[in-house]
Amino acid sequence: MCGIFGLAVARDHAMEERDWSASLAKLFKLSEKRGKEAAGIAIALRDEILIHKDSVSASAMMTTSNYTSLVRRASQWFGRSDLQASALAAVGHSRLVTNGFQGIEANNQPVSRDGAVVVHNGIVVNVADLWAREAAHGLAPRADVDTEIIAALIQKHRRHGQDIRGALRAVFADIYGEASIAMLMADLDSLILATNTGSLYLCRAASGTGLFFASERAICAQLMSGPDAIPGFVGGEIIHLKPGQGAVVSLGTLELDIFAVEPRGEVGPAAVNGLCTPAIEPMLNTQRRIEEKSTRLREAIRGLRRCSRCLLPETMPFIAYDAEGTCNYCHSYKPWVRRPEADLEAELAKYRSRDGSPDCVVAFSGGRDSSYGLHLLKTKYGMTPLCFSYDWGMVTDLARRNQARMCGKLGVEHIWISADIKRKRANIRANVLAWLKKPDLGIIPLFMAGDKQFFWHASETIKATGIGLSVFCTNRLEKTDFKTGFLGIAPTDEEMRNRPSSLKLKSKLDLVWGYGSRFLANPRYLNRSIPDTLFAAFSYYGLNQTHLFMFDYVEWDEAEINRVLIDEYDWECAADSPSTWRIGDGTAPFYNYIYYTVAGFTEFDTFRSNQIREGMISRERALEDLELVNEPRWKAIREYTGLLNIDFDETVRAIECIPKLYMR
Ligand SMILES: NC(=O)CC[C@H](N)C(=O)O
């Protein structure tokens with residue numbers, strides 16, 4: 001089970017700055033045997049709580065520059081008289097995962113929620129029941145770790161007027177399972193401890209100026225004598241926090257108040273109770289800010305400069321703003337002028353069959369646009385479509401189910417070409433692993449190269465069926481030039497999106513150079529996927545294609561499309577996304593997560609910006625929406641790493657370590 005520990009020293013404790021960081025290191029090292037999958041620390045200063053966590057062992061975490069710079073920041077306490085009023089307090093955690101993948105930072109400890117910062121050893125077995133009960137009061141989990149419910153409930157009880165002791169009692173009466181916890185709070189100048197198993201040992205310096213705690217008596221004993229002793233604690237006293245006991249340590253005075261957390265629990269021994277004095281709350285009117293890496297990044301993304309008309313941020317490749325703050329993408333935007341529907345009618349009439357035989361081939365990814373296009377062709381325009389799908393190994397199961405719903409209900413023939421999925425995934429795997437060794441935003445499109453053979457198979461299928469009309473339902477808002485923009489290729493015009501082979505020679509050479517130079521800089525890309533990638537490039541850029549683009553004629557209305565698909569076809573949405581866009585594409589959640597983490601935006605930012613320019617959505621609403629749709633889709637990312645057989649936690653950690661374009 002996890003190791004939790006903490007250390008609080010008053011100003012007059014005989015300890016120097018370097019002893020302090022060395023003492024934390026000792027506590028981490030001795031606690032590490034209880035869990036090595038993640039580690040984290042929270043340090044309370046006068047007006048903020050600094051949090052750092054990492055999905056590696058405590059030993060590995062302590063060698064990172066993020067950890068050392070956090071400790072350096074906190075150790076300013078030693079030299080700053082304005083930070084001297086309270087003791088310097090830290091709580092730490094060495095995690096053995098029981099609930100919630102460690103690759104997702106929010107699952108690691110300390111867990112911060114609603115102003116409470118908790119480290120927890122144990123498992124709250126009835127966590128799902130408690131969240132279900134709390135849903136009625138508007139409380140919902142934000143992570144998978146069970147510890148979060150403890151923080152959420154304590155703060156709920158406090159909001160309802162309980163003091164911290166009452167809140168702890170109420171929570172421990174609620175939880176079923178195991179819990180030894182330590183907490184720092186944004187609005188209390190106290191260190192709070194409680195346990196229902198007795199896995200908490202406190203060690204008090206004889207001088208009364210310092211206190212530390214750990215999950216085992218042996219850890220305390222080792223740190224109170226001999227070579228490992230923490231300065232100032234030799235000859236101190238070990239206090240066992242028994243099952244059913246809580247403790248509040250005032251950080252102003254380091255006085256300790258032990259009390260029962262379970263109604264049926266016994267109160268601590270008289271000797272300890274004798275020490276209790278009313279807690280002094282010198283921070284009564286202050287509120288500590290809680291600073292966690294993820295909140296800092298989120299705030300930095302919120303603070304990105306964006307175009308005053310659309311939402312494109314300053315990290316967008318090739319962006320430039322004019323004096324009014326409007327971007328060049330807005331200036332060069334050509335509005336989506338639809339051709340008359342009569343032209344569509346006339347074109348379809350040339351092919352419409354009278355005997356029920358297929359009269360058009362529809363490229364059918366299973367996404368919302370092609371599904372809606374198929375619906376219109378069949379129900380509104382009276383065509384007899386034959387749809388064609390190419391499965392390259394990254395079509396989600398959900399998309400397959402949605403395809404089945406559409407084709408079944410519409411009675412549409414479905415040609416399905418499947419690649420050698422095992423090989424395709426092995427190719428992606430080789431490139432993703434190469435990329436993780438030397439991440440570079442410009443190379444991300446390589447992960448999707450394998451689906452470009454779609455164009456080859458589409459044209460072969462069209463030829464084979466002898467049907468003269470092929471319909472594509474891509475929509476103009478999905479212009480994601482930034483992907484190759486990160487490779488140094490300037491945005492292309494609209495014609496290019498519909499007819500990739502029309503790409504100018506200069507841009508083609510730029511592409512070859514962009515990829516080629518990166519391949520040479522990271523020879524891991526010279527792997528088994530090369531022939532497939534070359535074929536993909538030929539299929540996409542080399543083939544001349546003529547298709548009818550449905551949305552050149554028909555209005556694209558997101559709400560109407562969603563309504564039709566969900567109401568009329570019982571279309572299935574993704575559990576981890578509020579949007580219906582790209583939920584059939586297994587790669588999108590992964591690359592969007594990378595772009596968001598590193599550049600602070602995703603393809604949703606470009607999509608919504610186009611919608612703003614088209615007057616389909618207000619800038620304010622789009623900005624609000626981005627907060628939701630840009631949330632990492634953990635479930636889908638997990639599935640992606642599972643399909644590729646790459647380690648989820650290591651992958652996410654490598655991505656989190658990439659320098660951020662918006663933090664320069
Ligand atoms: N091993 C533990 O004590 C686990 C604590 C908590 N349930 C977690 O998964 O982080």
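We count residues from 1, following the sequence as given. Just so you know, ligand 1 is whichever comes first in the structure, and atom 1 is the first atom listed for that ligand. Any value given below was found using the heavy atoms of this structure, including those in side chains, with hydrogens, waters and symmetry copies removed. Just so it is clear, the structure is predicted and the values come from calculations on it, not from any experiment.
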Asker: Side chains of R429 and N645: is there a donor and an acceptor less than 3.5 Å apart?
Answerer: no
Asker: Is E105 salt-bridged to K53, cutoff N-O under 4.0 Å?
Answerer: no
Asker: Return yes or no for this condition: an N or O of R95 is under 3.5 Å from an N or O of ligand 1.
Answerer: yes
Asker: So which heavy atom in the protein is nearest atom 4 (C) of ligand 1, and how far is it from that ligand atom?
Answerer: C2 SG, 3.0 Å
Asker: Taking 4.0 Å as the limit for heavy-atom contacts, which would you say applies to Q109 with ligand 1: side chain only, backbone only, both, or neither?
Answerer: side chain
Asker: Throw together a table of side-chain donor-acceptor distances under 3.5 angstrom for residues 220-235, partners on residues two or more places apart or in other chains.
Answerer:
residue	atom	partner	partner atom	Å
Q222	NE2	D228	OD2	2.9

Asker: Parallel, tilted or perpendicular, judged at 30° and 60°: which one describes the rings of Y67 and H52?
Answerer: tilted
Asker: Under a 4.0 angstrom heavy-atom cut-off, which atoms of ligand 1 come close to H120?
Answerer: 5 (C)
Asker: I'd like to check whether L96 has a polar contact with ligand 1, where a contact means an N/O of the residue lying under 3.5 Å from an N/O of the ligand.
Answerer: yes
Asker: Which of the listed options, D146, I181, I150, holds the heavy atom that is closest to atom 6 (C) of ligand 1?
Answerer: D146
Asker: Do R298 and E292 meet the salt-bridge criterion of a basic N to acidic O distance under 4.0 Å?
Answerer: no
Asker: Would you check whether N107 has a nitrogen or oxygen atom less than 3.5 angstrom from a nitrogen or oxygen atom of ligand 1?
Answerer: no
Asker: Taking the basic N atoms (NZ, or NE/NH1/NH2) and the acidic carboxylate oxygens, is any pair closer than 4.0 Å for R142 and D114?
Answerer: yes
Asker: Flag the pair R204 and E237 as a salt bridge only when some basic side-chain nitrogen lies within less than 4.0 angstrom of an acidic carboxylate oxygen.
Answerer: yes
Asker: Check ligand 1 against N121 and write out every atom of the ligand that is under 4.0 Å from a heavy-atom position of the residue.
Answerer: 3 (O)
Asker: Using heavy atoms and a 4.0 Å limit, tell me yes or no: is G122 in contact with ligand 1?
Answerer: yes
Asker: Can you check whether V145 has an N/O within less than 3.5 Å of an N/O in ligand 1?
Answerer: no
